[in-house]
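In the text below, chain A, chain B and the rest are named by the order of the sequence lines, each starting its count at 1. The structure displayed is predicted, hence computed values, not measured ones.
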2 protein chains.
Amino acid sequence: MPRKPEARQKLLAAFEHLVLTEGERAATLDAVAAQAGVSKGGLLYHFPHRQALVDAALARCEELAAEDLSRLTASPRGAAREFLATSVYEDSPLDRSLGVAFRLVQAREPGARETCARVERHWYHAVLEDVGDPVVATAVQAMGDGLYQQASMGLLPESSAEKRQILERLLESLERLAP
Amino acid sequence: MPRKPEARQKLLAAFEHLVLTEGERAATLDAVAAQAGVSKGGLLYHFPHRQALVDAALARCEELAAEDLSRLTASPRGAAREFLATSVYEDSPLDRSLGVAFRLVQAREPGARETCARVERHWYHAVLEDVGDPVVATAVQAMGDGLYQQASMGLLPESSAEKRQILERLLESLERLAP
DNA sequence: TTAACTGTACCGTCTGGACGGTAAAGACTG
DNA sequence: CAGTCTTTACCGTCCAGACGGTACAGTTAA
């Protein structure tokens, strides 16, 4: 029996890690291979070219987002509140994957924009179905995106106490908008 | 009298244009020089290395943001409403410069994060002074950032009618939050 | 045996940057 | 005011290194 291709997942994780912490430019083939503890030849065995890494990262993002969507719609406190509450960057697999996707959009990687657009649309519809009001849904989506924007720029405070305060303020806003 | 360095401004504009439309990776020295209609040597006369281009773009961003801040605080309808209303990407010099700064943050350019953090802080304080409530101020800032996030990912609709609708929804939310 | 690698040696292209040259506008000097 | 010097504002070329990608021979574990 062949060994399990565990290197493939390590490579993808290494790619995500490098994109998130060092920027897309730093995620070169050599860097990804080194980060994963895999030879360059091994990398190119699993991902015959760089685009394959990008595609895999985007596919994983859509996969995780789809899982998250069913979690949102099933939440007892409603999709809107659940969406906001989990929009604060917490380094979950989805957070990481989404952060990677956002950066790939900025790097003008083919397909990245479409992936993010689909994910956004699904979330918007889930929130809208929850609150019923397009005004509130638009506000919730903008706030969620704003949190990601701040997180992806490293503008959010480090301490979870301060992050919690920001989150509570946004949830309080939602409470006033959709009591 | 020395000739006016009009090439310098053309080069900075070319750099911004390339970062915004093609991504930071595409804004190479050759590309910037070609876009500005200047030789590579000419570029390196004004900006001795690539970092100088980045620094100049960030300095311009802080400059424009400072101008905008006084505009916000002087607005008759209040800083919060004025902030939201001008957060929809309209390709103003500030919008462009800020978009460039955001992308430079994602590209992990030194100093970019600090520039954006300063600008955000100033805006937050201006909005807070207007509305008086940290809950509302945090919500307004998140919504503004969300708009920029969406714009920088090309997720906002093309037509100004649809953009206006989004903006009106956010302004309506603000009306409900701070009547 | 075979899939899953490692390791090395390349290749063509692109990139940031170094460098030497040049044209013209002032400034200085006689 | 003519001749020379200096500074400014560029141009064009060259280069070392990095990058994506290829090729292929060897190694390891199920």
Side-chain angles (χ1 to χ4, degrees), chain A residues 1-60 100 103-104 106-112, chain B residues 1-60 100 103-104 106-112:
Chain A
M1 269 288 239
R3 271 183 290 169
K4 277 190 187 169
E6 57 179 28
R8 194 178 197 278
Q9 298 167 46
K10 279 204 292 183
L11 285 163
L12 226 131
F15 178 69
E16 290 187 347
H17 179 261
L18 281 169
V19 168
L20 282 175
T21 62
E22 311 273 342
E24 190 263 347
R25 275 187 88 162
T28 67
L29 296 190
D30 284 307
V32 169
Q35 175 77 27
V38 169
S39 71
K40 190 176 175 181
L43 191 168
L44 288 163
Y45 174 79
H46 292 289
F47 303 96
H49 39 254
R50 207 183 114 97
Q51 187 63 40
L53 268 172
V54 171
D55 293 342
L58 291 176
R60 179 170 159 78
V100 169
R103 281 157 203 254
L104 293 178
Q106 318 243 299
R108 305 275 144 164
E109 290 289 352
Chain B
M1 271 282 246
R3 271 181 291 169
K4 275 191 186 167
E6 59 178 29
R8 195 177 197 278
Q9 298 168 45
K10 279 204 292 183
L11 285 163
L12 237 166
F15 177 69
E16 291 187 347
H17 179 261
L18 282 169
V19 168
L20 283 175
T21 62
E22 312 273 341
E24 190 263 346
R25 269 189 100 162
T28 67
L29 297 190
D30 283 306
V32 170
Q35 176 77 29
V38 169
S39 75
K40 192 175 177 182
L43 192 168
L44 288 164
Y45 172 78
H46 292 288
F47 303 96
H49 40 255
R50 209 184 112 96
Q51 187 61 41
L53 266 172
V54 172
D55 293 344
L58 291 175
R60 179 172 159 78
V100 169
R103 282 157 201 253
L104 294 178
Q106 318 246 298
R108 304 275 143 165
E109 290 289 352

N/O contacts under 3.5 Å, protein versus nucleotides 16-19 of chain C?
{"unit_1": "C:dG16", "atom_1": "OP2", "unit_2": "B:L29", "atom_2": "N", "d": "2.8"}
{"unit_1": "C:dG16", "atom_1": "N7", "unit_2": "B:K40", "atom_2": "NZ", "d": "2.7"}
{"unit_1": "C:dG17", "atom_1": "OP2", "unit_2": "B:R50", "atom_2": "N", "d": "2.8"}
{"unit_1": "C:dG17", "atom_1": "N7", "unit_2": "B:K40", "atom_2": "NZ", "d": "3.1"}
{"unit_1": "C:dG17", "atom_1": "O6", "unit_2": "B:K40", "atom_2": "NZ", "d": "2.8"}

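D:dG20 atom C1' lies 16 Å from atom CG of A:L18, rounded to whole Å. Summarising the geometry, the separation between OH on A:Y45 and C1' on D:dC24 is reported as 15 Å, rounded to the nearest angstrom. Taking atom CG on B:L43 and atom P on C:dT15, their separation rounds to 14 Å, with Å as the unit. In this structure, the CZ atom of A:F47 is 15 Å from the P atom of D:dG20, given to the nearest Å. When rounded to the nearest whole Å, the span between CG of B:L53 and P of C:dT15 equals 15 Å.
For residues 31-49 of chain B, the set of pairs meeting the salt bridge (Lys or Arg N to Asp or Glu O under 4.0 Å) definition, not counting sequence neighbours, comprises B:D30-B:K40.
Distance check, rounded to the nearest 0.5 Å: CZ of A:R8 to CG of A:L12 gives 6.5 Å.
The side-chain contact (heavy atoms from CB on, under 4.5 Å) test applied to A:Y45 returns no partner, not counting sequence neighbours. Remark: A:K10 pairs with no residue by the salt bridge (charged side-chain N to carboxylate O under 4.0 Å, His left out) rule, at least two apart or across chains. When the side-chain contact (heavy atoms from CB on, under 4.5 Å) test is applied to B:A52, the partners found at least two apart in sequence or on another chain are B:F47, B:P48, B:H49.
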N/O donor to acceptor pairs below 3.5 angstrom from side-chain atoms of residues 15-29 of chain B, sequence neighbours left out:
{"unit_1": "B:T21", "atom_1": "OG1", "unit_2": "B:H17", "atom_2": "O", "d": "2.8"}
{"unit_1": "B:E24", "atom_1": "OE2", "unit_2": "A:R25", "atom_2": "NH1", "d": "3.1"}
{"unit_1": "B:E24", "atom_1": "OE2", "unit_2": "B:R50", "atom_2": "NH2", "d": "2.3"}
{"unit_1": "B:R25", "atom_1": "NH1", "unit_2": "A:E24", "atom_2": "OE1", "d": "3.4"}
{"unit_1": "B:R25", "atom_1": "NH1", "unit_2": "A:E24", "atom_2": "OE2", "d": "3.1"}
{"unit_1": "B:T28", "atom_1": "OG1", "unit_2": "B:A31", "atom_2": "N", "d": "3.1"}

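For C:dC5, the OP1/OP2 oxygens have a side-chain nitrogen or oxygen of A:H46 closer than 4.0 Å.
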